[in-house]
Amino acid sequence: MSHHPNQFDLFRTRRFLPLFITQFFGAFNDNLLKNAVVVLISFHGMQLLGLSPQLMVQLAAALFILPFFLFSASSGQLCEKYDKAAVARLVKQVEIAIMLVAALGFWLHNGAILMGTIFLMGMHSTLFGPLKFSVLPQYLRPEELVGGNGLIEMGTFVSIILGQVAGTVLVNADPGRISIIVALLACAVAGYLAARAMPPAPPAAAALAIDWHFARQTWRIIGQAKQNRPVWLALLGISWFWFLGAIYLSKLPSFAADVLGGDASVYTLLMTLFSIGVGIGSMLCEKLSGNKLELGLVPFGSIGLCVFGIDLYFATPAHAASVIDWLAFAGSAGSWRLMADLTLIGIFGGLYIVPLYALVQSRAEPAFRSRAIAANNILNSLFMVLSAVFAAVMASLGVSIPSVLLIAALLNLLVAAYIYSLLPEFTMRFLVWLATHTLYRVRHEGLEQIPEQGGCVLVCNHVSFMDALILAGAVRRPIRFVMDHQIFKVPLLNFVFRTARAIPIAPAKEDPDAKRRAFDSVAEALAAGELVCIFPEGKITHDGMINPFRPGIEEIIARTPVPVVPLALCGMWGSFFSRRYGPAMLSMPRRIWSRIALKAGAAVPATEVTAAALQQRVAALRGDWR
């Protein structure tokens, strides 16, 4: 049986595994250190300047976030100017030094030293953050990018929960702190050894002059990021996710103890479910997106975050039980609905966040990619601070924890609607993804024949009103469709076609100016290196057979010589959107989630393009399957 490549195959490559291990141990050490210090403050009487335990915990969180504001701009520049693998090795050497200082702090039970190491680990994460995401497009092929991001997100959240649990267990189990010291140093060394195995990642802007003035450079990279509208809105969307995540993570301890009446093990269970959910959602992205950047998953994720965030409020019991452990909680009435809600919030969060990271990586200019990620880290930190302010305001107003979580879910609905109104491509892709994944099961054959870049024309048989959406959902690159102006005006589909910048065309006898404008637009698109698709039959088939290809394709290629890739849609004849049973979309649907196929043939050089030859190629691809 042949093996179908999937995202887990990346673990077998040097292009990915060392980076994953380096990131995993770095995130694990961050949380191991932070949680161990929090436990020492909260339960073992560690003091600093006479501050209360609550203020010390808040100070620790602030010290970890502060470096993201101070050093993100410099970090982004360093990752552009130097080999990222070399930067990773340097950062991991710094981590070993930080862990030696932390070891001294644990040995002496010194709050000042440990608080300082939390700040230093925040600096470590600030330096590594732009690197881990900006290096992925250098290491991975385009079809691997979503899967790679999914694994990185999964690994991050798993390492977070493991680090938090380990920090609590090791500090409580070993009063001498030897085990926590050994664990911190071992993880730092393991991360360094993994970084040494990372392949070279040449600099994207070796001539960049680094500006160490953090305030000026921070404003500069944020201003540059705003110039790329899709990237900027993706950064805002990612930061909003961290706003929501910070609310859940900050409220879960009190939610578990005060609302559910649970002990620390209940909090650990809820955190584990949430983190596992994010990991599952992150890994599902590759499967649901078909190995390509699928922005349609972002609104899908938003909807899930809202629905299950709202349901969490109604699943929460009105009165807290007496103090119970996780086993008693899991066995209590109604707890499974609440646990399912938290897990599903995590899953839909993963579906939401991974495509946004992939969008930033794929659409930011390569020479600015690391700085775009640095801008993302700055915005993430800002939104997390705003999240803390929001939570504090809600607490001062006496708003209950379940109500705070409900308000956050409702705010997510408003923020998502606002972002998607600014960039309709998200909504358009969601409609395409929904249509192509609920109505049909699409098998793809030979789509690698479509070039990854450069001007190219796709030609395909025309069977139904859904044909363009099927192609848009299957092909990795954005497509400019040339389509009949009447189909272009179909309600709902019109939104999709306008957002995808489709090119409406009318017959010359009906509107010669419209036809001329369409051919001009096609020529401009191809000259700009875009992908254009036409249906050379000029109309939807009435009998399931391929109508003669019109000579317009020859005129297009004569004007702008580019390769032509033949496509064949198979299985659409007889669908609700075809004309097999009379006018399309007027008869009762006869099948749902039916199997169809989209096949691609070898690209035809411009010098060999004729309408008749292309028709023969499409017919051969389709075969007897209509």
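These numbers were taken from a predicted model, which means no experiment stands behind them. FYI, the numbering just counts along the sequence from 1.
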**Q** If you compare all heavy atoms of Arg617 against all heavy atoms of Ala602, which two are closest, and at what distance to 0.1 Å?
**A**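 Smallest heavy-atom distance, with atoms named: NH1-O, 4.3 Å.
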
**Q** Please name the pair of heavy atoms, one in Leu439 and one in Phe577, separated by the smallest distance, quoted to 0.1 Å.
**A**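 That closest heavy-atom pairing would be CD1-CE1, 3.8 Å.
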
**Q** Determine whether Gln615 and Asn547 satisfy the following criterion, side-chain hydrogen bond (donor to acceptor under 3.5 Å, both in side chains), listing intermediate values before the conclusion.
**A** CA-CA 9 Å; Gln615 181 178 341; Asn547 294 303; over 6 Å; no

**Q** Check whether any side-chain N or O of Arg443 sits under 3.5 Å from a backbone N or O of Leu598 as a donor-acceptor pair, and report yes or no.
**A**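 No.
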
**Q** Rounded to the nearest 0.5 Å, how far does CZ of Arg12 lie from CG of Leu10?
**A**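 Nearest 0.5 Å value for the CG-CZ distance: 10.5 Å.
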
**Q** Can you see which heavy atom on Val562 is nearest to which on Gly455, and at what distance?
**A**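 Closest heavy-atom pair between Val562 and Gly455: CB-O, 3.6 Å.
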
**Q** Could you check Ile503 against Met483 for side-chain contact (heavy atoms from CB on, under 4.5 Å), going step by step and ending with a plain yes or no?
**A** CA-CA 6 Å; Ile503 302 169; Met483 58 177 49; over 6 Å; no

**Q** Provide the closest heavy-atom pair for Asn412 versus Cys306 in the form atom of the first, atom of the second, distance.
**A**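 Distance-wise, the nearest heavy atoms are ND2-SG, 3.0 Å.
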
**Q** Mind checking whether Tyr139 and Phe16 have ring centres under 6.0 Å apart?
**A**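 Ring-ring flag for Tyr139/Phe16: false, centres at least 6.0 Å apart.
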
**Q** Say you draw a straight line from CG of Leu569 to OG of Ser575; how long is it, rounded to the nearest 0.5 Å?
**A**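 Result: 10.0 Å between the selected atoms.
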
**Q** Test side-chain contact (heavy atoms from CB on, under 4.5 Å) on Leu379 and Trp232; report intermediate values, then the result.
**A** CA-CA 10 Å; Leu379 290 172; Trp232 175 247; 3.7 Å; yes

**Q** Working to the nearest 0.5 angstrom, can you tell me the gap between Trp242 CH2 and Ile353 CD1?
**A**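 Going from the CH2 atom of Trp242 to the CD1 atom of Ile353 covers 7.0 Å.
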
**Q** Tell me, do Arg550 and Pro536 make a side-chain contact under 4.5 Å, heavy atoms counted?
**A**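 Side chain of Arg550 against side chain of Pro536, heavy atoms only: no contact under 4.5 Å found.
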
**Q** With sequence neighbours excluded, give me every salt bridge (Lys or Arg N to Asp or Glu O under 4.0 Å) pair touching residues 557-573.
**A**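 Qualifying pairs, neighbours excluded: Asp520-Arg559.
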
**Q** Determine, using ring centers only, whether Phe300 and Phe348 are less than 6.0 Å apart.
**A**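 Centroid distance Phe348-Phe300: below 6.0 Å, so yes.
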
**Q** Do Asn377 and Pro130 have side chains that get closer than 4.5 Å, going by heavy atoms?
**A**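 SC-SC contact between Asn377 and Pro130 confirmed.
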
**Q** Do the ring planes of Phe157 and Phe274 sit parallel (below 30°), tilted (30 to 60°) or perpendicular (above 60°)?
**A**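 Ring orientation of Phe157 relative to Phe274: perpendicular.
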
**Q** So how far is it from Tyr313 OH to Leu410 CG, rounded to the nearest 0.5 Å?
**A**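 Going from the OH atom of Tyr313 to the CG atom of Leu410 covers 10.5 Å.
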
**Q** Testing the 3.5 Å rule here: is there a donor-acceptor pair between the side chains of Tyr420 and Ser302?
**A**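 The answer is yes; a qualifying pair exists.
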
**Q** Is there a donor in the side chain of Gln23 and an acceptor in the side chain of Thr156, or the other way round, less than 3.5 Å apart?
**A**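 Their side chains do contain a donor-acceptor pair, which is all the 3.5 Å distance test asks for.
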
**Q** Just wondering, do Leu471 and Leu567 contact through their side chains at under 4.5 Å, heavy atoms?
**A**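 Leu567 vs Leu471: side chains touch.
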
**Q** Under 4.5 Å between any side-chain heavy atoms of Lys84 and Gln138, yes or no?
**A**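 They are in contact (side-chain heavy atoms under 4.5 Å apart), so the answer is yes.
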
**Q** Does a donor on one side chain and an acceptor on the other come within less than 3.5 Å for Thr541 and Asp543?
**A**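 The answer is yes; a qualifying pair exists.
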
**Q** OG/Ser282 to OH/Tyr357 distance, rounded to the nearest 0.5 angstrom?
**A**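 Nearest 0.5 Å value for the OG-OH distance: 10.0 Å.
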
**Q** Do the rings of Phe243 and Trp240 sit parallel, tilted or perpendicular, given the 30° and 60° boundaries?
**A**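 Ring orientation of Phe243 relative to Trp240: parallel.
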
**Q** For the pair Glu530 and Arg477, evaluate salt bridge (Lys or Arg N to Asp or Glu O under 4.0 Å) and give the outcome as yes or no after the intermediate values.
**A** CA-CA 9 Å; Glu530 295 185 279; Arg477 292 178 59 185; over 6 Å; no

**Q** State the CG-CD1 distance between Leu413 and Ile310, to the nearest 0.5 angstrom.
**A**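 Interatomic distance, Leu413 CG to Ile310 CD1, rounded to 0.5 Å: 6.5 Å.
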
**Q** Glu365 and Asn228: side-chain donor and acceptor closer than 3.5 Å?
**A**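 Checked: Glu365/Asn228 side chains show no N/O donor-acceptor pair below 3.5 Å.
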
**Q** Take Glu143 and Arg141 through the test salt bridge (Lys or Arg N to Asp or Glu O under 4.0 Å) and record every step on the way to the result.
**A** CA-CA 6 Å; Glu143 65 271 18; Arg141 294 186 288 270; 3.3 Å; yes

**Q** Please tell me if the side chains of Arg622 and Asn461 come closer than 4.5 Å, counting only heavy atoms from C-beta onward.
**A**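 With C-beta onward as the side chain, the pair touches.
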
**Q** Do Leu19 and Val135 come close enough that some side-chain heavy atom pair is under 4.5 Å?
**A**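 Yes, their side chains come closer than 4.5 Å.
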
**Q** Under the side-chain contact (heavy atoms from CB on, under 4.5 Å) rule, what do Lys539 and His462 come out as? Steps first, then yes or no, please.
**A** CA-CA 7 Å; Lys539 61 182 179 180; His462 208 358; over 6 Å; no

**Q** Does a donor on one side chain and an acceptor on the other come within less than 3.5 Å for Ser578 and Ser464?
**A**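 On atom types as modelled, these side chains do not qualify, holding no pair under 3.5 Å.
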
**Q** Could you tell me if the side chain of Ile303 sits less than 4.5 Å from the side chain of Phe430, heavy atoms only?
**A**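 SC-SC contact between Phe430 and Ile303 confirmed.
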
**Q** Closest approach of Leu621 and Cys570, non-hydrogen atoms and distance?
**A**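 Closest pair (atom of Leu621, atom of Cys570, distance): O-SG, 4.5 Å.
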
**Q** Is there side-chain contact between Asp311 and Arg337, with heavy atoms separated by less than 4.5 Å?
**A**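 Of all side-chain heavy-atom pairs linking Arg337 with Asp311, at least one is under 4.5 Å.
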
**Q** Say whether, by atom type as modelled, one donor and one acceptor occur between the side chain of Glu554 and the main chain of Ala611 under 3.5 angstrom.
**A**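 Yes, because the side chain of Glu554 sits within donor-acceptor range (under 3.5 Å) of the backbone of Ala611.
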
**Q** May I ask you to say whether Glu510 pairs ionically with Lys515, meaning some side-chain N is under 4.0 Å from a carboxylate O?
**A**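 Salt bridge between Glu510 and Lys515, a charged N being under 4.0 Å from a carboxylate O: no.
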
**Q** Restricting to non-hydrogen atoms, name the atom on Phe368 and the atom on Glu80 that form the minimum distance, rounded to 0.1 Å.
**A**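 Closest approach of Phe368 to Glu80, heavy atoms only: C-OE2, 2.9 Å.
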
**Q** side-chain contact (heavy atoms from CB on, under 4.5 Å), that's the test. Do Met466 and Met572 meet it? Break it down for me.
**A** CA-CA 9 Å; Met466 282 291 292; Met572 287 295 292; 3.9 Å; yes

**Q** Restricting to ring pair (Phe, Tyr, Trp, His ring centres under 6.0 Å), what partner residues turn up for Phe383, sequence neighbours left out?
**A**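 Scan of Phe383 (ring pair (Phe, Tyr, Trp, His ring centres under 6.0 Å), adjacent residues dropped) gives none.
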
